[in-house]
**Student:** 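This is the structure I want to talk about, given as structure tokens.
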Amino acid sequence: MKAWIAFWNILKKDMHNYYLKPPNISWGMIFPVAWTLMVFLKSGRALDVLGLLPGVMCLSVLFGTTSMLAVTITFERRSRSFERLLIAPIDLNLLMLAKTTGAIVFGIFNGFVPVGFALFMTHLGGINWLLVLATIFLIAVTSTFLGLFIAVSVHEVFEAQTFSNFFRFPMIFLCGLFVPVQALPIFLRPISYAIPLTYGADILKSLINGNGHIALVTSFLVLIGFGIALFTVSTHNVKRKWIY
Amino acid sequence: MNILQAQDLTKNYGDFRAVDRITFSINQGEIFGLLGPNGAGKTTTINMLTGLAMITSGTATLGGFDCNRDLRKAQQLMGIVPDESNLYEEMDGFQNLCFCGALYGMPKAKREKRAAELLVEFGLADAGKKKFNAYSRGMKRRLTIAAGIIHEPSILFLDEPTTGIDVASARQIRRLIQDLNHKGTTIFLTTHYIEEAERLCHRIAFMVGGKIVRIGTLRELMMDAQKENIVQFRAVGSLEKIGEAISREFPSVRTEFYGRDLVRIHSQQPLNLAPLVRVFDQNNISVYEAKIIRPSLEEVFVKVTGIEIAKMKQEKEKVKK
């Protein structure tokens with residue numbers, strides 16, 4: 001019970017101090033619009049909302065979660081307020097879950113902003129929204145834990161941003177959103193399959209426009225596996241690097 | 001009764017040994033001071049005991065809980081005030097205290113009541129709704145101490161509590177520390193201010209180069225350094241006569257003269273002032289000041305560690321800036 005009081009209050013504090021700040025909320029809305037416009041202008045043809053939606057949703061989640069978490073944790077580490085959490089009588093795994101849950105919720109919110117816009121432009125009936133929600137959740141979880149991995153690896157806020165981009169941009173181009181994985185040069189395909197976003201994007205494509213090519217169960221299991229692996233590695237790194 | 005017991009506590013960072021097999025205990029209800037220069041290993045010691053650093057070897061128990069195996073249970077008994085005020089800048093004083101209470105699992109009503117009480121107790125009632133980043137350094141320090149005791153810990157770790165703050169705030173914080181101790185909180189204090197340790201601590205350990213080189217009560221440390229008893233007299237009259245007179249009356253003592261009016265009497269045995277003053281009287285010498293000369297803690301520290309205090313302070317302040 002005591003641990004859950006701590007968990008809830010850490011989450012509440014992060015939501016209040018970081019994620020629910022007006023600049024972040026507006027960023028969460030502007031960002032998907034910018035991606036939609038960019039992809040539309042690049043395609044140069046009539047707007048295929050259903051074709052674009054999985055990609056824009058994935059990118060919104062990826063950028064929303066990794067940016068926020070990597071920066072907030074690095075910021076708290078710099079100001080040493082993170083130490084306050086490390087010396088509290090809370091299990092380290094629960095503490096890291098509390099710190100990442102805010103980013104996951106923020107990512108899910110970001111992921112559904114494009115859906116809100118799409119509602120005005122096309123008919124979204126016949127889509128299994130429960131599975132879409134589960135997918136967005138898993139993409140948010142893996143992206144957040146990637147953000148955690150980045151946060152643990154750097155010292156400065158600017159390093160967190162740079163290091164995030166080091167992962168994010170190759171992911172965007174290799175996960176099958178712009179170029180289908182099957183159409184990529186053969187030597188790049190193994191990298192594509194080593195990226196969690198590939199599986200999240202593929203599930204969304206299957207659910208929204210029927211263009212996915214990996215079995216849903218496989219993609220879900222791989223995403224869960226990535227989530228567990230990234231969290232385990234990150235908490236191990238927290239112990240190794242922050243509990244000196 | 002011991003609340004904290006450390007046995008052969010060691011911390012290595014690669015090849016560098018930051019803390020070298022230190023053994024000490026802290027009694028319930030006392031203020032224990034760890035005194036040493038920058039880099040002595042004081043903060044590393046606190047970090048090992050509080051869970052911010054892994055213990056390389058040795059053991060530490062707090063309230064019967066092993067600081068390695070039962071860390072969470074031990075942490076529940078600790079309050080920790082780090083050397084920097086590390087509360088949340090964007091939260092106000094009251095929110096910060098409530099948040100810290102929540103980290104220790106305090107229910108909402110209880111932590112809010114306690115936070116309000118602490119703001120009053122620490123003279124911050126008017127600043128409770130002010131953002132932490134608008135606080136002065138002294139106020140930040142006080143709020144950080146309040147945050148450390150919101151869950152009413154059995155032992156409070158204070159790492160350099162008065163470094164880098166103004167004299168008035170430092171005095172206020174020392175008073176708060178004494179008040180907390182009078183209310184029963186055991187305090188583990190690290191400092192490089194020798195006079196702070198002297199004023200506050202019941203027992204003091206000198207730490208240098210990762211090792212505890214001396215430990216004891218203030219009296220024990222002083223006695224340790226005092227090879228003989230010295231009494232100093234300031235007097236008006238012919239002091240040359242007094243040397244012979246005292247030697248006649250007290251053959252085992254030695255007298256030393258400083259200038260025209262000052263004489264020091266050295267003895268291996270404790271000296272009684274009254275018979276000595278009588279000798280002065282008998283020789284028509286008026287004594288207008290008599291005092292027992294004891295070494296200061298600073299002298300003892302310098303003697304034991306070979307470290308100059310002024311240099312130690314300068315180094316610490318430089319690091320703090």
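First the proteins, then the strands, lettered A, B, ... as listed; each starts at 1.
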**Student:** Test ring pair (Phe, Tyr, Trp, His ring centres under 6.0 Å) on B/Phe32 and B/Phe24; report intermediate values, then the result.
**Tutor:** CA-CA 10 Å; B/Phe32 180 84; B/Phe24 64 94; 5.4 Å; yes
**Student:** Establish, yes or no, whether the cationic atom of B/Lys140 lies under 6.0 Å from the six-membered ring centre of B/Tyr135 and within 45° of the ring axis.
**Tutor:**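 Checked: cation-pi criterion not met.
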**Student:** Using side chain to side chain donor-acceptor pair (under 3.5 Å) as the criterion, list what pairs up with A/Arg78, not counting sequence neighbours.
**Tutor:**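 By the side chain to side chain donor-acceptor pair (under 3.5 Å) rule, A/Arg78 matches A/Glu156.
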**Student:** Answer with side chain, backbone, both or neither: which region of A/Ser81 has an atom nearer than 4.5 Å to a non-hydrogen atom of chain B?
**Tutor:**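 Both parts, heavy atoms under 4.5 Å.
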**Student:** Are B/Phe99 and B/Tyr88 near enough that their ring centres are under 6.0 Å apart?
**Tutor:**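 Between B/Tyr88 and B/Phe99, which both carry aromatic rings, the centre distance is below 6.0 Å.
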**Student:** So for B/Tyr104, is it side chain, backbone, both, or neither that comes closer than 4.5 Å to the heavy atoms of chain A?
**Tutor:**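 Both parts, backbone and side chain.
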**Student:** Under 4.5 Å from any heavy atom of chain A, what part of B/Cys98 do you find: side chain, backbone, both or neither?
**Tutor:**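 Looking at B/Cys98, nothing touches chain A.
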**Student:** Tell me, out of B/Gly101, B/Gly105, B/Gly51, B/Ala147, who's got the most heavy-atom pairs with chain A below 4.5 Å.
**Tutor:**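 Ranked by contacts with chain A, first place is B/Gly105.
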**Student:** Under 3.5 Å, which donor-acceptor pairs do the side chains of residues 85-95 of chain A form with other protein atoms, sequence neighbours left out?
**Tutor:**
unit_1	atom_1	unit_2	atom_2	d
A/Asp91	OD2	A/Asn93	N	3.1
A/Asp91	OD2	A/Leu94	N	3.4

**Student:** So for B/Met106, is it side chain, backbone, both, or neither that comes closer than 4.5 Å to the heavy atoms of chain A?
**Tutor:**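 The backbone, not the side chain.
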